[in-house]
Asks: 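Structure provided below as structure tokens; questions to follow.
Each chain gets a letter, A, B and so on, in the order the sequences are listed, and its residues count up from 1.
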Amino acid sequence: MAHKIAYFQKKGDPYIMLTGLGLVISLAMVIYILVIILTRGLGFFWPEDLVELQMEAGETYLGEVWAEDQKAVPDSTGDQEMIEEIQLKIGNRDILGYDFIWLDEPKIMHKSCPPEATAIERWEYGNFYGYIRSVQVGDSTVSSASTDIYKFALSIHRQAIAVNQKIGDLESEITTLTEPLVRLQREISLMEIGAEAQTEDGKSRLEKLYKRSDQLEASIGPEYQRLIENLERLHIKNDGMILNLNTAAGSSFELPLSKIVRFYQPNRMNFLEKCVLYLEKLYEFIAADPRESNTEGGVFPAIFGTVMMVLLMSIAVVPFGVLAAIYLNEYARQGAVTRLIRLSVNNLAGVPSIVFGIFGLGFFIYMVGGSIDQLFFSERLPEPTFGTGGIFWASLTLALLTLPVVVVATEEGILAVPRANKEGALALGATRWQMIRKIVLPNAMPGILTGLILAISRGAGEVAPLMITGVVKLAPSLPLDATFPFLHLDRKFMHLGFHIYDVGFQSPNVEAAKPMVYTTALLLILIVILLNILAIYIRNRLRKKYKTSAF
Amino acid sequence: MVTDVETAVHSLAERNRPIDKTIIETVDLDFFYSPEAHALIKVNIKILEKKVTAFIGPSGCGKSTLLRCFNRMNDLIMGVSIRGKVLIDNQDIYHPGQRLEELRNKVGMVFQKSNPFPMSIWENVAFGPRVNGVSNRTDLDGIVESALVQADLWREVKDRLGESALDLSGGQQQRLCIARTLANRPSIILMDEPASALDPISTGKIEETIGVLKEDYTIVIVTHNMQQAARVSDYTAFMMVGELVEYGDTKVIFTNPKERLTEEYITGRFG
């Protein structure tokens, strides 16, 4: 018996089980979080049936069932009794002041799914749930059997969307037209407050500018007038297309069709139609701009910002890290100093990221950015250009944060290059630099890319340092667009990680935004995975090419 | 310019086979891996042009170290120091003004373990000329072909020059490494146990190649295999614990050595 126990311990079975248990627990946690994110995130876009509930007290509610729960209430004898309760998303925030309501299940008299119940997604104030009564176009009002009115409303809505588009085009046309004038006027006002305006020379120049401004105004005047008139006509046309609605409680409500994103009658839709709508909403989420302080609409600017920041970071960190690693390994005299440097680099990887953020703010933004502003953008001061957070500084801060990872991985890649190959190159009369360029770097490429993969994984998920170096809740424009100089490194940007924090914890309507948090998290994970897959694919191709000699 | 007198002297020399021209000479060469590790002790040797010289001796005797002094490969190791002189063509190669690239162009090296680069066969052979500034494709093609022909590999690889060198067999890889060295047109080739990792047939081919190459090149070969030294070399140097024990004509060394240590080593009493 004692013999058996001794053998059992020698074999280490309990420890093997322990290691297995550790693995299982980690895996279970990863799978759990993925499943939660997947189900909650992807379920958000599914057009749920609308339920109409009539309560004992006489009120009627229409909406989507959001959650179900149990709560304890005292019954007639004073004991605790568990009852079911339902959370209903009832929308109509502008009428009721709240989107959600908890209803006690026993108090519900009647439950139904009326086919003509309509869900309306609006540009403002969130969803509206109700019934279409009639459609008003200009002076005429159309009201008929409910299916037809729905289809008619859809066609009018398409018109309204088209008009919206035209309004947008016209507005940008007007902006382009007036841009030279605006710039001139800005120049004039800057001169007026400057000291130069007091001198004779300055006065005459100012005089000239006034004249030029008047000429310009006169020349674009008629065109400007025409565009403004067009714009007004379109606005009037749009204001004339109105959806007359009834709420579940029976009160009537008017909604201009141009203020509607889309509307649908989920109780009438079959599975296929719901799938189409689902994909449409999913596409909107990925490709559109956010609405309603980010709790609705899409996250495209955040996706764009995240990917662009990661790319800029990679461009900054890889050459820097690789050069440092090459010097450290190939040129520097190995000894106490290089050991100290390696130790410091490794320690740098453990520094909390917010510290890097503060460094980025102090060094990059205030010192470097401030100096750039003084030297090149002094005419815009005190309004900062580079002296404030922006995608460039955020990327550089993250590059610094991920530098240790790249240095360490590159060093490992360089060390893995067979000594025989390096000696072979030198023996053929190659200089040290030629040897590094032609033998070491290509062979170390998989290692370098491993570093890049790790850097991307770390950088894409980092939020804290970004919050003080250039991320914003809502950026007015993307850092890359069609206006010169196309790449606007000084612009502030949106980021998926920060978006999660902002929508989930800072938005005025946290409950409505909860699914957005899951979906955004899912998207962030997907983007990190995609970027990683790309890097891994390149690395594997290189590995195949540079597999070391073996015989 | 070759004058008639020189030609006459040269042909006379050919006929009478007087003392050959010395190409490598060491003068009181001491080598230290660290202040305590004295690897070469007062080595004086003269290696003759266009001959095959073999270095033999037990492991750790310093024969590879000596070989690596000739193209300064030892410089790569940290903490080494050297005393004395190594003259190649009467030039001190440890002179501070010596360019390592020039030296290594003139003194090529084939290593114990074949070390083809992870590139195509063509790129492997063209590597040396390219780092030395040859960039014309036709020139390179010519160099690659003649180098591969000399290394007796051309027939086997001429249709697959673009394929990875790593797909060649071990023996082919080693001959590729020889071709790569030849592409630089060196005057001396150092071989550090070039066949020790190969099978007998591949070894035979390498030895054949050496036999052909000695017409044009000075070859210094380190080997563990005494039969090989006897077969391929004209001169043999026997070393022990950092000292050159005996150096002379291969036939004499193997049949009638002067030193007792040499005799004991080649008859297999230790080693």
Side-chain angles (χ1 to χ4, degrees), chain A residues 326-342 411 413-450 538-551, chain B residues 68 71-79 99-120 123-133 164-174 176-177 180-186 189-190 192 197-199 202:
Chain A
I326 286 176
Y327 190 85
L328 203 54
N329 260 291
E330 296 291 338
Y331 288 106
R333 202 182 165 76
Q334 303 300 311
V337 179
T338 49
R339 269 209 301 282
L340 190 69
I341 291 172
R342 283 206 180 90
E411 276 207 284
I414 289 174
L415 286 175
V417 178
R419 198 191 153 81
N421 281 0
K422 295 207 267 189
E423 284 190 346
L426 290 176
L428 286 170
T431 59
R432 222 183 165 94
W433 171 241
Q434 283 173 323
M435 185 265 287
I436 289 170
R437 250 213 51 217
K438 299 196 169 196
I439 304 296
V440 175
L441 269 187
N443 279 280
M445 213 35 125
I448 294 170
L449 284 167
T450 305
I538 299 172
R539 183 180 66 182
N540 287 354
R541 285 194 48 161
L542 286 173
R543 273 218 181 117
K544 224 177 267 170
K545 195 169 161 200
Y546 293 110
K547 67 172 184 204
T548 38
S549 121
F551 66 89
Chain B
R68 285 167 159 258
N71 68 344
R72 292 186 57 174
M73 236 25 207
N74 286 328
D75 291 18
L76 299 177
I77 305 160
M78 281 226 325
R99 281 205 187 155
L100 287 177
E101 300 82 50
E102 269 172 27
L103 171 70
R104 288 170 185 160
N105 272 334
K106 197 157 88 179
V107 187
M109 185 164 201
V110 177
F111 294 84
Q112 176 176 10
K113 190 173 176 288
S114 65
N115 55 350
F117 304 133
M119 310 169 178
S120 72
E123 281 173 320
N124 259 282
V125 183
F127 186 92
R130 275 171 144 181
V131 296
N132 290 302
S164 170
L166 304 179
D167 295 337
L168 296 173
S169 73
Q172 285 174 326
Q173 286 190 5
Q174 192 60 300
L176 179 70
C177 291
R180 199 168 67 180
T181 307
L182 294 174
N184 268 351
R185 298 186 173 138
I189 301 172
L190 310 174
D192 192 356
L198 301 180
D199 61 273
S202 299

Asks: Return the CZ to CZ distance between Arg419(A) and Phe111(B), rounded to the nearest 0.5 Å.
Replies: 9.5 Å
Asks: Between Ile439(A) and Phe127(B), what is the shortest heavy-atom contact and its length?
Replies: CD1-CE1, 3.9 Å
Asks: What part of Lys438(A) is in contact with chain B, defined as an atom under 4.5 angstrom from a non-hydrogen atom: side chain, backbone, both or neither?
Replies: both
Asks: Check the surroundings of atom CZ in Arg342(A): do more than 12 heavy atoms from other residues, nucleotides or ligands lie under 6.0 Å from it?
Replies: yes
Asks: What is the distance from atom CD of Glu423(A) to atom CG of Leu76(B), rounded to the nearest 0.5 Å?
Replies: 6.0 Å
Asks: Can you tell me how far the CE atom of Met119(B) sits from the CG atom of Asn443(A), to the nearest 0.5 Å?
Replies: 8.0 Å
Asks: Quick one: does Asn184(B)'s side chain have a donor or acceptor within less than 3.5 Å of a partner on Leu428(A)'s backbone?
Replies: yes
Asks: With a cut-off of 6.0 Å (strictly less than), are more than 12 heavy atoms of other residues, nucleotides or ligands near CZ of Arg437(A)?
Replies: no
Asks: Please name the pair of heavy atoms, one in Ala427(A) and one in Met109(B), separated by the smallest distance, quoted to 0.1 Å.
Replies: CB-CB, 4.1 Å
Asks: What part of Arg72(B) is in contact with chain A, defined as an atom under 4.5 angstrom from a non-hydrogen atom: side chain, backbone, both or neither?
Replies: neither
Asks: Quick check on the interface: out of Arg130(B), Gln112(B), Met73(B), Lys106(B), who has the most heavy-atom pairs with chain A under 4.5 Å?
Replies: Met73(B)
Asks: Looking only at heavy atoms, which two atoms of Asn421(A) and Pro118(B) are closest? And how far apart?
Replies: ND2-CD, 3.7 Å
